[in-house]
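Small disclaimer: the values here were computed from a predicted structure and weren't measured. All values below come from the heavy atoms of this structure, side chains included, with hydrogens, waters and symmetry mates left out. For ligands, and for the atoms within them, numbers begin at 1 and follow the listed sequence.
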Amino acid sequence: MPPRLAITSGEPAGVGPELCARLVERSWPARLVVLGDIDLIRERAAQAGRPVAVRPYEPAGRAESGVLEVLHLPLAVPARVGVPDPANACHVLGLLDRALAGCVGGEFAGMVTAPVHKGVICDAGVPFSGHTEYLAERTGTPRVVMMLVGGGLRVALVTTHLPLSAVPAAITQDAVERTLRILHGDLATRFGLAAPRILVAGLNPHAGEGGHLGREEIEVIAPVLERLRAEGMRLAGPLPADTLFVPHTLSQGDAVLAMYHDQGLPVLKHASFGGGVNVTLGLPVIRTSVDHGTAFDLAGTGRADPGSLYAAVDVALAMIAAVRNGAAAA
Ligand SMILES: NC(=O)C1=CN([C@@H]2O[C@H](COP(=O)(O)OP(=O)(O)OC[C@H]3O[C@@H](n4cnc5c(N)ncnc54)[C@H](O)[C@@H]3O)[C@@H](O)[C@H]2O)C=CC1
Ligand SMILES: NCC(=O)COP(=O)(O)O
C-alpha cells in the first residue's frame, strides 16, 4: 500500500500554495494530500502560470495522476499575494493541527510542511517560533531536534530559534546529551544507519582553544561525549566548527551536530539551497519541510523553485520506508 502524506500549504500570502500545486508535475510512489484552501490553491497555480486540476480529498478515494487532492480547510479572510494577514494565522495553524491529528491517528504516514511566517503568527497573538517547537508542544514531546539534510550533508542543532545571546546558557550537558540521543536514535530508526558516526562541533572559536577562548567544550560538551562513547556511540569532537565542514572531516561522519542555528545552517544552505530539507527528529510522527521561507517577493510570479518541497517529500518517503523496513526486520 503506498503511503499517504499530508502536505500543509503554509502561509497563504507566500509561495507555499503554488509550490504545493506543482506536486502534480512529478509522479510519486505515494498519495499526496495537500491541506489548504482549495480555491486559493487553484487560483495561485493559475496566477503562477501553471493551472492545475484540483479535487477535494476523499479519504476512501484513490490518487489520480495529474490531479491534486486537496483537503479543504478554508481561509479565515481572503489572502492577498505577498501581503500576509494575521487574521489567517488560525488557518495556518489549523493546517498543522489537522495534519498532525491525521498522522497521530494513522490517516497519514507523515507530514511535509510548506513555509509559514513566524512573525505574522506572533502578530496574531500566538507566540510561535517555528513548526519544530509548535509540533513538539502539540505532541507533548519534551525535546525534539531540528536537522537539515541537503548538499550531501546532515546538520542537526542543539539549539534552534534563540537569540544568539541566549545560546551559551542553553548549551548544558543535559541539552547536548538529550539531543545526541535523539539524533543517534533517529539516524538508526528513520534513516537506516545502524551505527551512525556523528561529528560534534564546539561552541567557541577553535573549540575553545584549550580553554583560552571559552570553557563550554571542556566543562559541558566533552564530558557528555565521553559518557556516550562509553555506551558505544561513535562521536568525534568537540571539533572547531570552522574546519569541521572541510570535505575530509565531513567524510568521516554521517551527520554533524552544531550547537546553534547559524553555526550549522549557513553551510548547509550554501551547499543545498533549493534542494534542502528540514526534518524534525524525536517527534512521534514523521515531519519534513522545505528549507526556505515564505518568499513574499516571489509569490504569484511562478518563479519560486519547487525543488526543496520535492526533496522534502522524497526524504519523508525515505524515512517512512526505513521505519517500515526496520519494523519488518524486527
Ligand atoms: N519552513 C518554514 O516554515 C520556514 C519559514 N521561514 C520563515 O519565512 C519568512 C521569510 O523568511 P526569509 O528570511 O525572508 O527567507 P525566504 O526563504 O522566504 O527568502 C530568502 C530569499 O530566498 C528566496 N527564495 C525563498 N524560497 C525560494 C524558492 N522556493 N525558490 C526560489 N527562491 C526562493 C526569496 O525570494 C528570497 O530572496 C520568515 O518568517 C521565516 O521565519 C524561513 C525558513 C523556513
Ligand atoms: N531555519 C529553519 C526555520 O526557520 C524553519 O523552522 P521550522 O518552522 O521548521 O521550525
Have a look at ligand 1 and work out which part of L298, if any, has a heavy atom under 4.0 Å from it: side chain, backbone, both or neither. side chain
Going by the atom numbers of ligand 1, which of them fall below 4.0 Å from some non-hydrogen atom of H117? 9 (C), 38 (C), 39 (O)
Name the closest protein heavy atom to atom 40 (C) of ligand 1, giving the residue it belongs to and the distance to 0.1 Å. K118 NZ, 3.9 Å
Is atom 10 (C) of ligand 1 near the protein, in the sense that some protein heavy atom lies at less than 4.0 Å from it? yes
Distance flag for atom 31 (C) of ligand 1, protein heavy atom under 4.0 Å: yes
Which residue from D305, V116, L265, V15 reaches closest to atom 5 (C) of ligand 1 through any of its heavy atoms? V116
Compare every heavy atom of P238 with every heavy atom of L225, then report the nearest pair and how far apart it is. CD1-N, 3.6 Å
Before accepting this row, confirm whether a basic side-chain N of the pair R143/E177 lies closer than 4.0 Å to the acidic partner's carboxylate O. no
May I ask you to list the atoms of ligand 2 that are less than 4.0 angstrom from any heavy atom of G130? 8 (O), 10 (O)
H117 and F296: aromatic ring centres closer than 6.0 Å? yes
Which residue and heavy atom of the protein sit nearest atom 25 (C) of ligand 1, plus the separation: A295 CB, 3.5 Å
Consider side-chain contact (heavy atoms from CB on, under 4.5 Å). Of L40, D39, V52, I41, which one does V70 pass it with? I41
Check this for me: does any side-chain nitrogen of one of R22 and D305 sit under 4.0 Å from a carboxylate oxygen of the other? no
Does H117 come within less than 4.0 Å of ligand 2, judged by its heavy atoms? no
Tell me, yes or no, whether the heavy-atom count around R55 atom CZ, taken from other residues, nucleotides or ligands under 6.0 Å, exceeds 12. yes
Does any N/O atom on H292 come nearer than 3.5 Å to any N/O atom on ligand 1? yes
Side-chain heavy atoms nearer than 4.5 Å, only ILVMFWY residues, links allowed to pass through others: does that put L35 and V54 together? no
Side chains of V285 and F108: closer than 4.5 Å at any heavy-atom pair? no
Nearest protein heavy atom with distance in Å, relative to atom 6 (O) of ligand 2: H161 CE1, 3.3 Å
Counting each atom of ligand 1 from 1 as listed, which ones have a heavy atom of A304 under 4.0 Å away? 30 (N)
Decide whether an N or O pair under 3.5 Å exists between S289 and ligand 2. no
Do S289 and ligand 1 have an N or O pair less than 3.5 Å apart? yes
Where is the nearest protein heavy atom to atom 4 (O) of ligand 2: which residue, which atom, and how far? K118 NZ, 2.8 Å
Could you identify the single nearest non-hydrogen protein atom to atom 1 (N) of ligand 2 and state the distance to 0.1 Å? H261 NE2, 2.8 Å
Any S9 side-chain heavy atom under 4.5 Å of C20 side chain: yes
What do you reckon, is CD of E58 surrounded by more than 12 foreign heavy atoms closer than 6.0 Å? no
Pick one of side chain, backbone, both or neither for how P115 approaches ligand 1, counting any non-hydrogen atom pair under 4.0 Å. both
Is the number of heavy atoms from other residues, nucleotides or ligands under 6.0 Å of H161 NE2 greater than 12? yes
side-chain contact (heavy atoms from CB on, under 4.5 Å) partner of R31, the single match among E64, M1, E69, R62: E69
Protein residue, atom and distance nearest to atom 5 (C) of ligand 2, heavy-atom basis: N278 ND2, 3.5 Å
Winner among D297, V290, V277 once heavy atoms are compared against atom 35 (O) of ligand 1: D297
Can you find an N or O of G293 that's nearer than 3.5 Å to an N or O of ligand 1? yes
Is there any N or O on D291 that sits under 3.5 Å from an N or O of ligand 1? no
Any side-chain heavy atom of V126 sitting closer than 4.5 Å to one from L93? yes
Any side-chain heavy atom of V256 sitting closer than 4.5 Å to one from L250? yes
For M146, the atoms of ligand 2 under 4.0 Å from one of its heavy atoms are 6 (O), 10 (O)
Around atom 10 (O) of ligand 2, find the nearest protein heavy atom and jot down its residue, atom name and distance. T132 OG1, 2.5 Å
Give the atoms of ligand 2, by number and element, whose distance to some non-hydrogen atom of R287 is under 4.0 Å. 9 (O)
Right, does atom 19 (O) of ligand 1 have protein non-hydrogen atoms nearer than 4.0 Å? no
Within the protein, is there a heavy atom lying under 4.0 Å from atom 14 (O) of ligand 1? no
Does any non-hydrogen side-chain atom of V277 lie less than 4.5 Å from one of D291? no
